[in-house]
A.B. asks: 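Supplied in structure tokens, the structure appears directly below.
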Amino acid sequence: MRNILLFLAVFSIAGMGCNANGKTSEPVTEDVAINVEQEKQEPTVEAEPETYYHYSDYQITLPTEKWEVDIAYSNSGIRKKGTKIEFEVKHWDSPSLEETISKYPAETRHDDIVIGDYTWKVFTDDNDYFKMCCYIYNTEKKYVVRVATDNITDPTNPDLHEVLEGVRFVD
């Protein structure tokens, strides 16, 4: 009886190496094991949710975790959550950007800020309600979009650049 049990044990162990087709299974290679381990370790990075505001001929897209946008009839208010940083985005018809800028003279003209296809004209004025104003112009539709703030006067400010990157013309 003992021999029979020993025989069955050896036979069942040998059978574990065979699959349903009677073929022996391939051992897992080191490359496959590494790839499986890498897949387990690499976390999925989810994109930060974004706000999308379509206003007339432009839109504003910003991360919702950082920004709030209020749309009004003639302008949009943008606030960075947890701070006092605020922007006003407004647009109006104008035959040219130069004409618009001449109506609102500022103390200091800064280097343009180029973001993608957009070249923002940048001005600061300590005596005005808005300390910094940035303008882009839509030549096809003949209108100006202005991003203005009274909290920032540095044209290299990353919050300013993030807002400017979020403003786009739409067709």
Side-chain angles (χ1 to χ4, degrees), residues 31 33-171:
D31 291 340
I34 290 171
N35 287 339
V36 170
E37 189 63 31
Q38 285 175 346
E39 288 177 12
K40 289 180 186 177
Q41 290 177 355
E42 293 176 11
T44 305
V45 177
E46 293 184 27
E48 188 173 330
E50 294 184 323
T51 58
Y52 175 79
Y53 298 94
H54 181 86
Y55 188 83
S56 185
D57 294 320
Y58 68 91
Q59 70 187 28
I60 303 169
T61 307
L62 292 167
T64 58
E65 296 300 316
K66 292 170 64 176
W67 299 98
E68 295 174 335
V69 179
D70 293 323
I71 303 296
Y73 178 71
S74 63
N75 62 13
S76 304
I78 301 173
R79 280 180 297 290
K80 185 174 182 183
K81 294 178 181 179
T83 72
K84 293 182 179 185
I85 296 174
E86 296 182 356
F87 297 90
E88 179 189 80
V89 182
K90 186 174 178 92
H91 81 281
W92 58 91
D93 295 332
S94 179
S96 72
L97 179 59
E98 291 73 24
E99 183 176 310
T100 297
I101 291 170
S102 68
K103 287 181 183 179
Y104 305 99
E107 287 181 338
T108 307
R109 166 85 195 271
H110 297 276
D111 290 339
D112 294 345
I113 297 174
V114 178
I115 298 176
D117 295 336
Y118 300 99
T119 300
W120 292 87
K121 305 295 182 189
V122 183
F123 302 89
T124 55
D125 190 343
D126 290 330
N127 299 315
D128 197 11
Y129 175 74
F130 293 115
K131 303 298 181 217
M132 177 174 285
C133 294
C134 304
Y135 300 90
I136 55 174
Y137 187 71
N138 186 320
T139 56
E140 292 176 20
K141 296 184 180 182
K142 305 259 187 244
Y143 75 91
V144 174
V145 173
R146 180 198 69 201
V147 174
T149 182
D150 62 339
N151 306 96
I152 296 172
T153 57
D154 178 7
T156 64
N157 181 288
D159 292 323
L160 171 67
H161 282 254
E162 186 170 13
V163 170
L164 296 180
E165 287 173 16
V167 177
R168 293 283 178 259
F169 294 127
V170 292
D171 297 327

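None of these values were measured; they are calculated from a predicted model.
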A.B. asks: Which pair of heavy atoms, one from Thr139 and one from Lys142, lies closest together, and at what distance?
C.D. replies: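 Closest approach of Thr139 to Lys142, heavy atoms only: O-NZ, 3.5 Å.
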A.B. asks: Please tell me if the side chains of Ile136 and Tyr58 come closer than 4.5 Å, counting only heavy atoms from C-beta onward.
C.D. replies: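 No; the side chains remain at least 4.5 Å from each other.
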A.B. asks: Which heavy atom of Tyr135 sits nearest a heavy atom of Ile101, and at what distance?
C.D. replies: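 Scanning both residues completely, I find the closest heavy atoms to be CD1-CG1, 4.3 Å.
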A.B. asks: Quick check: closest heavy atoms across Lys141 and Asn138, and the distance to 0.1 Å?
C.D. replies: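 Scanning both residues, the minimum pair turns out to be N-OD1, 3.0 Å.
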A.B. asks: Work out which heavy atom in Trp120 is nearest to a heavy atom in Val145; give both atom names and the distance.
C.D. replies: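 Nearest heavy atoms, Trp120 then Val145: CZ3-O, 4.0 Å.
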A.B. asks: If the condition is side-chain contact (heavy atoms from CB on, under 4.5 Å), which residues does Asp128 pass it with, not counting sequence neighbours?
C.D. replies: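 Scan of Asp128 (side-chain contact (heavy atoms from CB on, under 4.5 Å), adjacent residues dropped) gives Asp125.
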A.B. asks: Would you confirm whether Thr108, through its side chain, and Phe123, through its main-chain N or O, come within 3.5 Å as a donor-acceptor pair?
C.D. replies: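 No.
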A.B. asks: At their closest point, which heavy atom of Leu164 faces which heavy atom of Cys134, and how far apart are they?
C.D. replies: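 Shortest heavy-atom contact: CD2-CB, 4.0 Å.
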A.B. asks: Report the distance from atom CD of Glu86 to atom OG1 of Thr149, rounding to the nearest 0.5 Å.
C.D. replies: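 Glu86 atom CD to Thr149 atom OG1 measures 7.5 Å (nearest 0.5 Å).
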A.B. asks: Rounded to the nearest 0.5 Å, what separation is found between the CD atom of Glu88 and the OH atom of Tyr129?
C.D. replies: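 Atom-to-atom, Glu88:CD and Tyr129:OH are 7.5 Å apart.
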A.B. asks: Starting at CZ of Phe87, measure out to CG of Leu62 and round the result to the nearest 0.5 Å.
C.D. replies: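 Nearest 0.5 Å value for the CZ-CG distance: 9.5 Å.
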A.B. asks: side-chain contact (heavy atoms from CB on, under 4.5 Å) with Asp126: which residues, sequence neighbours excluded?
C.D. replies: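 side-chain contact (heavy atoms from CB on, under 4.5 Å) list for Asp126, sorted by chain: Glu107, Lys131, Thr153.
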A.B. asks: So do Lys121 and Arg109 actually touch side chain to side chain, heavy atoms under 4.5 Å?
C.D. replies: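 Answer yes - side chains close enough.
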A.B. asks: So, taking the atom named NE2 in His91 and the one named CG in Asn75, what distance separates them when rounded to the nearest 0.5 Å?
C.D. replies: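 Reported to 0.5 Å precision, the distance equals 10.5 Å.
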A.B. asks: About how many Å separate CD of Gln59 and CZ of Arg168, when rounded to the nearest 0.5 Å?
C.D. replies: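 Arg168 CZ to Gln59 CD: 8.5 Å, rounded to 0.5 Å.
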A.B. asks: Got a sec: does the CG of Asp111 have more than 12 other heavy atoms crowding it under 6.0 Å?
C.D. replies: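 No - once you tally the heavy atoms of other residues, nucleotides and ligands closer than 6.0 Å, there are 12 at most.
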A.B. asks: I need the minimum non-hydrogen distance between Thr124 and Ala106, along with the two atoms involved.
C.D. replies: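 What the structure gives for the nearest pair is O-CB, 3.6 Å.
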A.B. asks: Has Tyr137 got a side-chain atom pairing as donor or acceptor with Ser94's backbone, closer than 3.5 angstrom?
C.D. replies: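 Looks like yes, one N/O pair under 3.5 Å.
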A.B. asks: Looking at Tyr118 versus Phe169, is the centre-to-centre ring distance below 6.0 Å?
C.D. replies: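 Yes.
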A.B. asks: Counting only N and O atoms by type, is there a donor-acceptor contact under 3.5 Å from the side chain of Tyr104 to the main-chain atoms of Cys133?
C.D. replies: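 The answer is no, because no donor-acceptor pair under 3.5 Å joins these two groups.
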A.B. asks: Among pairs that include at least one residue of residues 155-165, which meet side-chain hydrogen bond (donor to acceptor under 3.5 Å, both in side chains), considering only residues two or more places apart or in two chains?
C.D. replies: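 side-chain hydrogen bond (donor to acceptor under 3.5 Å, both in side chains) check on residues 155-165 returns Lys66-Glu162, Trp67-Glu162, Lys80-Asp159, Asp154-Thr156.
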A.B. asks: Please say which of Asp112, Ile113, Thr119 ends up in a side-chain contact (heavy atoms from CB on, under 4.5 Å) with Ile115.
C.D. replies: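 It is Ile113, the one option of Asp112, Ile113, Thr119 that forms the side-chain contact (heavy atoms from CB on, under 4.5 Å) with Ile115.
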